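Treat the numbers as computed from the prediction; the structure is a model and nothing was measured.
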Amino acid sequence: MTAESDQEAVTEVLSALADPTRRRILDALSVHGEATATVLATELPVSRQAIVKHLAVLTRAGLVAGHREGREARYTVLPERLNVTARWMDRVASEWDTRLSAIKRLAEAEPQD
């Protein structure tokens, strides 16, 4: 992935995960390894149709993939974009740590009245 595609991936992932229902769906898929919208709907307080719509958003964000098995689609988590987002978050956190350390050094270096 290029830096630009990484940024696009991070934006799509954060946008998709801004919704708490989608985070719960992703968590449930992580536990199951693989599940259908019907199974997910039995565990979450939303309809199967709502689950399908949320899964479409997660699929577009590259967080899940579905494959047909008979009449239903089975979904699994795709970790790559989560990993890209985690690396971005680590980098941002590191940059903030560096900035805060510099502020602390400046504050401690100032003469006290």
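Screening residues 22-32 for salt bridge (charged side-chain N to carboxylate O under 4.0 Å, His left out) gives no qualifying pairs among residues at least two apart or on separate chains. Contacts classified as salt bridge (charged side-chain N to carboxylate O under 4.0 Å, His left out) and involving residues 7-19 (residues at least two apart or in different chains) are given here: E12-R81.
Contact record, A41 with S47: CB-C, 4.2 Å, taken as the closest heavy-atom pair. Shown here for L78 and G62, the closest heavy-atom pair between the two residues is CB-O, 3.6 Å. Closest approach of A9 to V84, counting heavy atoms only: CB-CG1, 4.3 Å.
In this structure R74 satisfies the salt bridge (Lys or Arg N to Asp or Glu O under 4.0 Å) test together with E34, E69, sequence neighbours excluded. Applying the side chain to side chain contact (heavy atoms under 4.5 Å, CB included) rule to E72 yields the partners T36, T38, R48; only residues at least two apart in sequence or on another chain are considered.
Under a 4.5 Å side-chain heavy-atom cut-off, the cluster of Ile, Leu, Val, Met, Phe, Trp and Tyr residues that includes V64 is completed by V13, L17, I25, L26, L29, L40, L44, V46, I51, L55, L58, L63, Y75, V77, L82. Clustering of Ile, Leu, Val, Met, Phe, Trp and Tyr by side-chain heavy atoms under 4.5 Å joins V31 with none of the others.
More than 12 heavy atoms of other shown residues, nucleotides or ligands fall within 6.0 angstrom of atom CZ in R91.
The same ILVMFWY cluster, assembled from side-chain heavy atoms under 4.5 Å apart, contains both W96 and M89.
The CD atom of E108 sits 5.0 Å away from atom NZ of K104, with the distance rounded to the nearest 0.5 Å.
For the pair S15 (side chain) and T11 (backbone), a donor-acceptor distance under 3.5 Å is absent.
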